[in-house]
Amino acid sequence: MVQVVNVVASGALDVELDLEVVARDLVDIVNYDPELYPGAYFRFDDDAPLITLYRTGKYIITGASSEAEAGRFRNEFLALLNRHGIVSDADDAWFTVQNYVCMANMERSFNLSALAIGLGLEVTEYEPEQFPGLVYRPHDHACVLLVFATGKVVITGAPEIAAAEAAFSAFRESIEALLADE
DNA sequence: TAACTAGCTTCTTATATAACAATGCATG
DNA sequence: CATGCATTGTTATATAAGAAGCTAGTTA
């Protein structure tokens, strides 16, 4: 099974915002430095997900560990903007999860050089001097898998959890097929 | 020369390596 | 008291995605 460790979602509010004003009204939770980056950062707690709001009303949520958590923070974010008269309920346009970052464990170790050949050099990248993980981009899946010698796997780029699970299942079957060949 | 495109900035998260800095402790 | 080794800690490396804005390069 794959475990979700990070969710990236984005949404839009149908209003143009003056981020200088928003940052001034919500000093305690907003961090805005237009010289550094055009987005205003909202953080409700030290280890809570980060919400980045833009001038156009679009925003992104990063660091949630489930879709439900991303949704809860979105609600809290909208309620806060409502209370301060920055937006109204009618301004809420859309909201979608864009990327699930998941973790899985094969419970066995790998020789990554051999694995790169087994999976196919055209779908793998393995340069241990640059990065210790093997990058696997299967043709039939939208996800990218990072495979480590310890057997741990990171699956990223999935727009839905099911896509990450399917990619991991397929990876597992490829491993079994490779073992059967020997 | 204008318009367009591409690539970088910011952030999050798991994963694992090396290289580095800084500190702790022991021995000469 | 100073030097050496060990341990701990931080940073870099790579992956995906969204967003706006800047720059650099290409093309008409």
Side-chain angles (χ1 to χ4, degrees), chain A residues 1-20 22-23 29-74 77 81 93-113 115-116 119 123-139 141-168 171:
Chain A
M1 265 314 274
V2 304
Q3 189 196 339
V4 179
V5 293
N6 182 28
V7 172
V8 180
S10 63
L13 300 170
D14 260 335
V15 274
E16 278 265 330
L17 301 160
D18 184 337
L19 297 180
E20 293 281 358
V22 174
I29 45 165
V30 177
N31 199 302
Y32 178 52
D33 182 1
E35 301 268 308
L36 180 70
Y37 191 69
Y41 300 121
F42 282 64
R43 178 119 42 187
F44 295 101
D45 275 300
D46 278 346
D47 47 357
L50 177 76
I51 301 178
T52 312
L53 176 65
Y54 299 89
R55 195 207 74 238
T56 57
K58 291 191 178 176
Y59 61 94
I60 60 179
I61 299 182
T62 54
S65 48
S66 68
E67 182 177 7
E69 194 190 5
R72 281 200 299 277
F73 274 86
R74 168 181 175 259
F77 169 67
L81 293 179
W94 54 269
F95 181 71
T96 15
V97 170
Q98 304 284 354
N99 180 23
Y100 282 98
V101 181
C102 307
M103 207 194 83
N105 198 335
M106 288 295 285
E107 312 271 331
R108 55 154 293 174
S109 59
F110 287 111
N111 172 337
L112 298 181
S113 302
L115 185 61
L119 290 170
V123 289
T124 57
E125 281 173 49
Y126 178 51
E127 287 171 60
E129 289 182 11
Q130 194 176 29
F131 187 69
L134 179 151
V135 180
Y136 177 40
R137 299 170 201 272
H139 285 314
H141 291 277
C143 312
V144 171
L145 294 86
L146 304 181
V147 186
F148 297 89
T150 56
K152 299 219 180 138
V153 180
V154 172
I155 303 118
T156 188
E160 286 162 31
I161 297 175
E165 285 172 344
F168 183 62
F171 170 67

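Order of the sequence lines fixes the chain letters, A, B, ..., with proteins taken first and strands second; residue numbering starts at 1 for each chain.
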(message) Show me the pairs that pass salt bridge (Lys or Arg N to Asp or Glu O under 4.0 Å) and involve residues 4-17 of chain A, at least two apart or across chains.
(response) A:E16-A:R55
(request) Mind checking side chain to side chain donor-acceptor pair (under 3.5 Å) for A:E127 and listing every partner two or more places apart, or none if nothing turns up? (result) none
(message) If you assign A:L36 and A:M103 each to the DNA chain B nucleotide with the nearest heavy atom, which residue ends up on the more 5' nucleotide?
(response) A:L36
(request) Could you list the residues that satisfy side chain to side chain contact (heavy atoms under 4.5 Å, CB included) with A:P138, not counting sequence neighbours? (result) A:Y136, A:D140, A:H141, A:L145
(message) For A:S113, give me all partners under side chain to side chain contact (heavy atoms under 4.5 Å, CB included), at least two apart in sequence or on another chain.
(response) A:N111, A:Y126
(request) Can you sort out the partners of A:E165 under side chain to side chain donor-acceptor pair (under 3.5 Å), two or more places apart, ordered by chain and number? (result) none
(request) Tell me what A:T96 touches on the nucleic acid: a base, only sugar-phosphate, or nothing, going by heavy atoms under 4.0 Å. (result) nothing
(request) Would you work out how much the helix from B:dT1-C:dA28 to B:dG28-C:dC1 bends between its ends, with each end axis defined by five base pairs, to 10 degrees? (result) 60°
(message) Tell me every residue that passes side chain to side chain donor-acceptor pair (under 3.5 Å) with A:T150, counting only those two or more places apart in sequence or in another chain.
(response) none
(request) If a pair satisfies side-chain hydrogen bond (donor to acceptor under 3.5 Å, both in side chains) and one of its residues is in residues 30-39 of chain A, list it, with sequence neighbours excluded. (result) A:Y37-A:Y54
(request) For the pair A:Y59 and A:F77, name the ring-plane relationship: parallel under 30°, tilted 30 to 60°, perpendicular over 60°. (result) tilted
(message) Can you give me the first and the last nucleotide of DNA chain B (5' to 3') that has an atom within less than 4.0 angstrom of a non-hydrogen atom in chain A?
(response) B:dT9 to B:dT17
(message) Strictly under 4.0 angstrom, non-hydrogen atoms only: write out the protein contact profile of nucleotides 15-22 of chain C, one letter per nucleotide from the 5' end, B, S or -.
(response) BBBBBBS-
(request) Please name all residues satisfying side chain to side chain contact (heavy atoms under 4.5 Å, CB included) with A:V135, sequence neighbours left out, ordered by chain then number. (result) A:E125, A:R137, A:V144, A:L146
(message) If the condition is side chain to side chain contact (heavy atoms under 4.5 Å, CB included), which residues does A:L50 pass it with, not counting sequence neighbours?
(response) A:Y41, A:R43, A:T52, A:T62
